[in-house]
Student: 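Below you will find the structure I want to go over with you.
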Amino acid sequence: ATSIRSPQAQPGVQRVAMTARVVICGIACVLAAPPQVLAAGATESADWGPVMRSMAAAESSAFATDVRFTPWGDNAVRVQVARPGHTVVDGVLSPLLPRPQAASMSCADGPITHGNLRVECSSDGATRRAYRVSDGALLLVESTDFVATAEQGQVEPPLKVEFGCGASEVYGLGQQRQTCYPEGGRQTPSQGKAFAPGEVLTYTLAAGEGGAANTLPWLYGATVGVGADWGLWVNLPSTGNLTLDATVSDERSAAFFFDAAVQLDYVVTTHSAASRAVDQSFEMVERFTEWVGRSPGLPEWALGYWHSKNRYASQQELLDAAHGFANRSIPVDVIVIDWMHWKVQGDWHFDPEYWPDPTAMVLELKDLGMEVMVTVWPFSFNGSQSFDTLNSSGWLVQSISDAPAPVYENDALHGGLVDVTQSAAREYVWSMVNDGYYRHGIRVFWLDGSEPEYYDMPAWGKLAGKDAKFKAGRFSEIGQLFTWYWVQTFHDGLRAAGESSSVMLPRAGYAGTWRFGAALWSGDIHCTFDVLAGQVQTALSAQTSGFGLWTSDIGGYSAVAGGNCDATNSSYRELVVRWFQFGVTAPIFRQHGQRETEIWKFGAEAEAAITMVIKWRASNKAYVAAEMKKLSASGRPINRPIWWDFPRDPQAWESNSTFMFGDTFLASPILEAGVRRKTVYLPCPNATSNCSWRHVWTGELYSGNQTHTVDAPLATFPLFERQFT
């Protein structure tokens, strides 16, 4: 555990903080409010990490007076810690699903044993410890040390949770964008890992603008060559930030800072006593998705290729593209209508000048085997068909001063964000969506801008952000739940309309958004090989954090400054082919970009290569459907690091760009320009077993427990089918 040292007191400064220290498998956690500079009349802007690790010894302190332990599913316990002088509050907004009534215990009740997990308190109530029963391993030690507080007018004071880890590998944290790292490099994040030695990383605990990240306070730890040890969900929907520090050898530290929180609330779990190493990682995500809900997966009609671009500007333009695919016998399952198909944002209807007969259009596309997905944004602007009703009904987000919260400063349209925490507002929005889209036969919705956009873009002017106030609470208190509420608008509306499934693609997510049929994509990314390489880690991070339906913009959304993502550029043609080869193994197989995206515009060689993988995906829908059922039943991620399936093999932990595509296929896409051969390690269930893998494109058999150099001409990539159980 990291050491706790006392800083030098600063003259004229009174520190106010609340601290709770948690140790998980050698991980030390600190829960704290940031110190405030009271005498000087300003807030300290320095990094809180060193301060939280070193509270002044002279400060007064008190232990929490109410701590609650509740069994929370197999081998899991929920821990709630109230602030000093307060009691644990029930009914706080949270993505946790209701559970059958289970008796809670306090420290005075003695140890609680639940499955393979035991939690106990020290005799003085100062600390709580969690052990794995089967081997007696200490998993968690948590203690609270609260010092005097000064609220300074805040509704709820902030919390800071800080922890460090020794030898354990730590993974999770939701969707994180990563850059490309060398094969086998342990100095950088890989295999969906949260962090690795030698780095200090900072993330925002809210969906980043443009879908940059969707950080979840979900972590799971593992031991190389052994498997997963524990899982931890910090159940606080506040906005905030997270700093990961791995600059000290054999130590890890992570500091969560939550802008506002009523109390500390987390759930910890471990694997069952009888579980095999190969099952332990799957048990972690199974427990997590049991707590917050599981994705229903995709229906059969959505398992193939999704085609999109920014943007098809008219009904005729969209139909021309659709017939272009049909005339070439290239199967498309979903075709997309992007933004600005309306007159004013907030119409949630087609502009009839450019989209004169949506019903006929949808029927024509269905005859071609294509469903239509349309984008819906959560904003309404003055002059739109919805603005007056939303504004007069109090269904737009307000500022703390109870004035309407503008989308941007001096916005002549006076745009507003829908307050989706109000059920009446959600019902009204669906009534508009029903009339504008669903009645025409559209049942797939692209929920773009759902971070929500504009709330984290300082360059665009004075924004609502932390000044925003929903009916259910301030943005700083519940900001991470925005998308969680927004997707319910469409889930509930579709179900009320009699649909058996709901399919949505928001650009943000939170724990449990997936249970409403919401997927996630990695946002507006650049079209470069470096970004493509980073998407592998982004996919693994997201999917092993519960986002089972994941996708990226195949080909990248836009060019970097001075870049060229034109369909006629030969270098870009190579990139888009390699991206398709990666994307065909994703849960959602989808292209999108601010560019030409019709595949016949990339030239004959690229068109042939892309057509091959589109048709391969279409011919393997039954396999993808079977993997979707596993995702729905247990949260089993379709893409995951290969060490999940081969935990006893140390080399499997080093294969950064190789991952599983369901239980049968192992993929190792080409992530660099000009590469036509790749070194790939193929594992076996154990070091002494003989096993083989079949190359999907050539049919050649390769031996397991070996590293092979595999040919990868532009038309193919290393994709292997296991020939063993």
Side-chain angles (χ1 to χ4, degrees), residues 211 298-299 301-302 305-322 332-366 368-381 384-386 418 420 426 428-450 452-453 483 486-494 497 499 501-508 516-521 549 551 553 557 588 590-594 597:
L298 290 177
W301 51 261
Y305 172 56
W306 296 24
H307 182 75
S308 179
K309 69 177 287 186
N310 180 4
R311 65 184 176 92
Y312 290 113
S314 69
Q315 177 174 323
Q316 190 58 53
E317 188 179 346
L318 181 74
L319 290 171
D320 289 345
V332 176
D333 279 12
V334 178
I335 194 164
V336 181
I337 300 172
D338 202 351
W339 69 332
M340 296 177 67
H341 58 267
W342 49 70
K343 283 187 176 181
V344 181
Q345 188 163 181
D347 281 346
W348 299 313
H349 283 66
F350 289 105
D351 182 345
E353 181 178 353
Y354 301 99
W355 306 87
D357 194 344
T359 299
M361 174 190 68
V362 170
L363 289 173
E364 185 173 342
L365 291 168
K366 284 182 181 291
L368 299 177
M370 303 179 194
E371 291 282 336
V372 177
M373 180 166 74
V374 68
T375 185
V376 181
W377 291 58
F379 300 96
S380 179
F381 288 89
S384 73
Q385 296 181 39
S386 66
V418 178
V420 293
R426 297 197 300 271
Y428 173 72
V429 170
W430 175 254
S431 73
M432 297 291 289
V433 169
N434 179 77
D435 185 62
Y437 306 123
Y438 182 74
R439 72 179 179 91
H440 297 301
I442 297 172
R443 53 177 171 167
V444 193
F445 297 98
W446 181 10
L447 308 184
D448 207 348
S450 54
E453 188 167 311
T483 308
W486 181 227
V487 298
Q488 290 182 58
T489 305
F490 299 83
H491 171 272
D492 295 349
L494 286 165
E499 296 290 341
S501 62
S502 52
V503 180
M504 292 160 276
L505 183 60
R507 200 173 63 183
F516 302 109
L520 179 67
W521 96 97
L549 297 180
T551 185
D553 288 352
Y557 177 72
I588 295 178
R590 165 187 160 274
Q591 183 190 194
H592 179 64
Q594 194 175 24
T597 59

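All values below come from the heavy atoms of this structure, side chains included, with hydrogens, waters and symmetry mates left out. Because the structure is a prediction, the values reported are computed rather than measured.
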Student: Does a donor on one side chain and an acceptor on the other come within less than 3.5 Å for Y557 and N310?
Tutor: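 Side chains of Y557 and N310: pair found under 3.5 Å.
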
Student: Go through the steps for M504 and V376 under the test side-chain contact (heavy atoms from CB on, under 4.5 Å), then give the verdict.
Tutor: CA-CA 10 Å; M504 292 160 276; V376 181; over 6 Å; no

Student: Looking at side-chain heavy atoms only, is the closest gap between W306 and V332 below 4.5 Å?
Tutor: no

Student: What is the distance from atom CG of L505 to atom CG of L520, rounded to the nearest 0.5 Å?
Tutor: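 Between L505 CG and L520 CG, I get 7.5 Å after rounding to 0.5 Å.
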
Student: Taking all non-hydrogen atoms of both residues into account, name the closest pair between S502 and L494 and its distance.
Tutor: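 Where S502 meets L494 most closely, the heavy atoms are CB-CD1, 3.6 Å.
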
Student: Taking the side chain as C-beta and beyond, is there a heavy-atom pair between F379 and V418 under 4.5 Å?
Tutor: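 No, side chains not in contact.
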
Student: Keeping the roles fixed (side chain from S314, backbone from E317), state whether a donor-acceptor pair exists under 3.5 Å.
Tutor: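 Yes.
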
Student: Working to the nearest 0.5 Å, report the span between CG of D338 and OG1 of T375.
Tutor: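 The OG1 atom of T375 is 5.5 Å from CG of D338, to the nearest 0.5 Å.
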
Student: For residues V336 and H307, determine if any side-chain heavy atom of one lies less than 4.5 Å from a side-chain heavy atom of the other.
Tutor: no

Student: Which value, rounded to the nearest 0.5 Å, describes the distance between F350 atom CZ and K343 atom NZ?
Tutor: 14.5 Å

Student: If you round to the nearest 0.5 Å, how far is OG1 of T489 from CE of M432?
Tutor: 13.5 Å

Student: For the pair R311 (side chain) and M340 (backbone), establish whether a donor and an acceptor sit closer than 3.5 Å, ignoring hydrogens and angles.
Tutor: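 Yes.
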
Student: In chain order, what residues pass the side chain to side chain contact (heavy atoms under 4.5 Å, CB included) check against A322, with sequence neighbours excluded?
Tutor: I335, L365, L368, M370

Student: Would you say the side-chain atoms of Q591 and Y305 include a donor-acceptor pair closer than 3.5 Å?
Tutor: yes

Student: Parallel, tilted or perpendicular: which one describes the rings of F516 and H491, with boundaries at 30° and 60°?
Tutor: perpendicular

Student: Can you check side-chain contact (heavy atoms from CB on, under 4.5 Å) on W339 and D448, steps first, answer last?
Tutor: CA-CA 9 Å; W339 69 332; D448 207 348; 5.8 Å; no

Student: Can you tell me how far apart CG (D347) and CH2 (W342) are? Round to the nearest 0.5 Å.
Tutor: 9.0 Å

Student: If you look only at pairs with a residue in residues 437-446, which of them pass as a side-chain hydrogen bond (donor to acceptor under 3.5 Å, both in side chains), with sequence neighbours excluded?
Tutor: H341-Y437, T359-H440, E371-R443, D435-R439, Y438-E499

Student: Which value, rounded to the nearest 0.5 Å, describes the distance between R590 atom CZ and D333 atom CG?
Tutor: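 So the gap between those two atoms works out to 14.5 Å.
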
Student: Judged by atom type as modelled, is there a donor-acceptor pair below 3.5 Å linking the side chain of S450 to the main-chain atoms of R507?
Tutor: yes

Student: Closest heavy-atom contact between W521 and P506?
Tutor: CE3-O, 3.4 Å

Student: Would you say T597's side chain and S308's backbone share a donor-acceptor pair under 3.5 angstrom?
Tutor: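 Such a contact is found between T597 side chain and S308 backbone.
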
Student: Identify the heavy atoms of M361 and L318 that sit nearest to each other, and give their distance.
Tutor: SD-CD2, 3.8 Å

Student: Using a 3.5 Å distance criterion without hydrogens, assess whether the side chain of Q315 forms a donor-acceptor pair with backbone atoms of D357.
Tutor: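 Side chain of Q315 to backbone of D357: a pair is present.
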
Student: Is the backbone N or O of W377 less than 3.5 Å from a side-chain atom of W348, with the two atoms forming a donor-acceptor pair by type?
Tutor: yes

Student: Any idea which heavy atoms bring S501 and W301 closest together, and the distance?
Tutor: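 It is OG-CZ2, 4.3 Å.
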
